[in-house]
Amino acid sequence: MALQMFDKERTLQMRQKLIGQSCRLFFSHEPLKIVKARGQYLYDENGTQYLDCISNVQHVGHCHPSITKAATAQMELLNANSRFLHDNIVQYAERLANTLPQKLCVFYFVNSGSEANDLALRLARQYTQNKDVHSHISTNTLDFNVIAYHGHLTSLIDISPYKFWKLEGQKEWVHVAPLPDTYRGLYREGHPNPGQAYADTVKNLIDEVQNRGRKISCFFVESLPSVGGHIILPPGYFPKVAEYIRAAGGVFVADEIQTGFGRVGSHFWAFQLQGEDFCPDIVTMGKPMGNGHPLACVVTTKEIAGTFTANGVEYFNTFGGNPVSCAIGLAVLDVIEKEDLRANAVRVGSQLKKLLKQLQAKHTIIGDVRGVGLFLGFELVKDRVALTPATEEAGLLVQRLKERHICLSTDGPWANVIKFKPPMCFSMEDAERVTEQIGFILQGYTSNIGLKL
């Protein structure tokens with residue numbers, strides 16, 4: 001099969017004509033046409049190689065031969081929906097269960113993270129018989145900015161401040177708490193116990209909601225907020241919030257769609273960073289799960305699943321848990337284990353963070369470096385006191401890196417956080433290369449020559 005049918009300009013023209021304009025491209029001012037990929041590298045129509053620092057979906061590497069082999073073998077044998085008995089779905093569920101706390105043992109397979117989060121919301125509401133949802137926002141003296149994002153379905157836009165403030169606004173059954181950001185949030189690094197302090201803001205919100213006669217179904221949270229700017233939550237936050245939410249009759253939902261499957265290195269799931277004894281009531285997973293194949297899942301307790309069954313309405317997902325998807329999911333787990341990718345995330349992530357910290361010491365525009373494993377970000381600010389976001393500079397840095405054949409992107413409410421979520425095969429050499437190029441560009445900025453339009 002040819003790597004391309006049309007030249008780049010023709011492809012762009014056809015996309016602009018045929019594809020909805022709200023479906024945006026990376027580097028929209030001069031988009032890349034990618035025709036091939038392998039590992040952590042992308043290749044354009046001219047064969048130019050780009051280092052991919054952003055494709056967390058291709059978790060174990062683009063076009064990993066073990067994944068493509070497993071997919072092809074199962075596709076040639078059988079692909080049917082999950083109403084037929086098949087070994088793959090139960091074997092895959094068992095393998096996933098082995099990575100999770102014991103009480104999380106009932107699985108529902110779907111096709112996307114949005115589907116998973118929508119189902120999690122249904123489970124929470126069915127179990128609690130309540131509707132109201134708690135989510136996250138970010139506030140500081142500069143502006144009011146929204147953070148949490150859980151998907152593009154209507155039900156999820158309603159609980160995602162990142163989206164709903166741009167549309168119909170906040171529903172009366174959605175309640176937003178301050179994002180536990182210790183860099184620019186309400187309680188910062190010098191606070192003696194920011195985890196407790198931020199949890200208490202949730203408790204205050206619960207009290208306020210209950211005083212208005214409303215009842216809570218769940219606290220819905222990313223285990224590490226990504227859209228919020230790659231935030232590392234303070235220790236103790238989740239356990240205390242879970243305690244408060246459960247006391248109010250709700251359940252705790254951990255969204256692992258961005259961060260699961262060993263990206264943090266030290267643990268398989270990011271919620272485990274909050275303590276070995278902490279266990280959510282519902283966990284959702286997606287993106288990296290199928291290494292690019294549409295595969296996602298919800299896992300919960302027997303008690304919550306039991307109430308969902310007892311409502312008498314069958315849950316059926318045509319493609320969720322099909323034999324091909326589960327074969328791919330199993331192959332991803334095999335590669336994570338065989339190639340020791342969690343240990344690689346620890347080694348390479350630690351080195352990348354160290355190198356970024358060294359750049360921070362040289363360049364005052366880098367206000368903060370944060371992250372764990374291969375979930376990292378650094379925040380650009382105009383000054384380190386007021387923390388004024390350097391949004392334009394962040395965008396220009398990404399553009400300059402693309403010109404040096406490195407793909408990065410921005411995140412955060414002001415798009416001033418440069419984020420790293422590369423394939424887990426990202427190497428020490430890759431870390432050295434990208435930080436060296438960032439250093440060159442920022443040196444030019446310091447000299448007032450490098451980041452100009």
Side-chain angles (χ1 to χ4, degrees), residues 18-20 22-23 56-59 67-97 100 104-127 149-160 163 218 220 253-258 260-261 282-302 304-334:
L18 298 168
I19 306 301
S22 57
C23 303
N56 60 317
V57 174
Q58 285 72 30
H59 192 61
I67 311 302
T68 58
K69 180 180 178 181
T72 301
Q74 184 59 56
M75 182 68 80
E76 290 178 345
L77 186 63
L78 170 71
N79 197 22
N81 70 53
S82 57
R83 287 185 174 182
F84 292 105
L85 199 61
H86 196 274
D87 289 345
N88 283 8
I89 189 171
V90 293
Q91 184 184 4
Y92 188 37
E94 184 177 54
R95 288 279 298 278
L96 289 173
L100 289 157
L104 293 172
C105 59
V106 182
F107 295 82
Y108 298 88
F109 290 99
V110 295
N111 307 291
S112 72
S114 289
E115 273 192 292
N117 281 340
D118 179 74
L119 178 56
L121 192 57
R122 287 181 60 190
L123 288 166
R125 286 173 168 169
Q126 182 66 44
Y127 179 70
Y149 175 65
H150 298 289
H152 61 78
L153 301 183
T154 300
S155 62
L156 303 175
I157 289 174
D158 284 346
I159 66 169
S160 299
K163 294 290 185 181
C218 62
F220 217 115
V253 183
D255 179 341
E256 287 275 345
I257 290 164
Q258 293 274 11
F261 293 86
I282 302 172
V283 173
T284 60
M285 54 192 83
K287 291 189 186 298
M289 196 171 181
N291 210 58
H293 181 84
L295 175 60
C297 181
V298 182
V299 60
T300 189
T301 65
K302 289 181 179 179
I304 293 174
T307 61
F308 193 59
T309 302
N311 70 11
V313 178
E314 178 189 12
Y315 179 77
F316 171 62
N317 190 301
T318 303
F319 297 108
N322 70 74
V324 171
S325 294
C326 290
I328 291 170
L330 284 163
V332 169
L333 294 180
D334 288 341

Roughly how far, to the nearest 0.5 Å, is the [atom2] atom of [Y] from the [atom1] atom of [X]?
X	Y	atom1	atom2	answer
Met289	Lys287	CE	NZ	13.5 Å
Leu330	Glu94	CG	CD	10.5 Å
Met285	Asn117	CE	CG	11.0 Å
Ile304	Leu123	CD1	CG	7.0 Å
Leu333	Asn291	CG	CG	11.0 Å
Phe319	Asn79	CZ	CG	8.0 Å

Can you confirm whether [X] sits close enough to [Y] that some side-chain heavy atom of one is under 4.5 Å from a side-chain heavy atom of the other?
X	Y	result
Phe308	Val106	no
Cys105	Lys302	yes
His86	Leu78	yes

> Is the distance between the ring centroids of Phe107 and Tyr92 less than 6.0 Å?
Replying inline: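 No; Tyr92 has its ring centre 6.0 Å or more from that of Phe107.
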
Which atom names give the shortest non-hydrogen contact between [X] and [Y], and what distance separates them?
X	Y	answer
Ala70	Ala331	CB-CB, 3.7 Å
Ala80	Pro323	O-CD, 3.0 Å
Ile257	Pro288	O-CD, 3.3 Å
Ala71	Val324	O-CG1, 4.3 Å
Glu256	Val283	CG-CG1, 3.8 Å
Ala296	Gly286	CB-CA, 3.8 Å

>> Show every side-chain hydrogen bond (donor to acceptor under 3.5 Å, both in side chains) that has at least one partner inside residues 310-323, sequence neighbours left out.
In response: Arg83-Glu314, Asn111-Asn317, Glu115-Asn317, Gln126-Asn311, Tyr315-Asn317, Asn322-Ser325

> What salt bridge (Lys or Arg N to Asp or Glu O under 4.0 Å) pairs are there with at least one residue in residues 320-331, not counting sequence neighbours?
Replying inline: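 As it turns out, there is no salt bridge (Lys or Arg N to Asp or Glu O under 4.0 Å) pair with a partner in residues 320-331 once direct neighbours are skipped.
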
>> Assess the residue pair Cys218 and Leu121 against the criterion (side chain to side chain contact (heavy atoms under 4.5 Å, CB included)); give the C-alpha distance rounded to whole Å, side-chain angles, the decisive distance to 0.1 Å, and a yes or no.
In response: CA-CA 8 Å; Cys218 62; Leu121 192 57; 4.1 Å; yes

> So, His59 side chain and Phe261 main chain: donor-acceptor pair closer than 3.5 Å or not?
Replying inline: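 A pair under 3.5 Å: yes.
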
> Is a side-chain donor or acceptor of Thr72 paired with a backbone partner of Lys69 at a separation under 3.5 angstrom?
Replying inline: no

>> Is it true that, when you exclude Leu18 itself, more than 12 heavy atoms of the residues, nucleotides or ligands shown sit nearer than 6.0 Å to its CG?
In response: yes

> More than 12 foreign heavy atoms under 6.0 Å from CZ of Phe84: is that the case here?
Replying inline: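 Check fails, neighbour count at 12 or below.
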
>> Run the side chain to side chain contact (heavy atoms under 4.5 Å, CB included) test on Val299 and Phe109 for me, step by step, so that the C-alpha distance in whole Å, both residues' side-chain angles and the decisive distance to 0.1 Å come before the verdict.
In response: CA-CA 9 Å; Val299 60; Phe109 290 99; over 6 Å; no

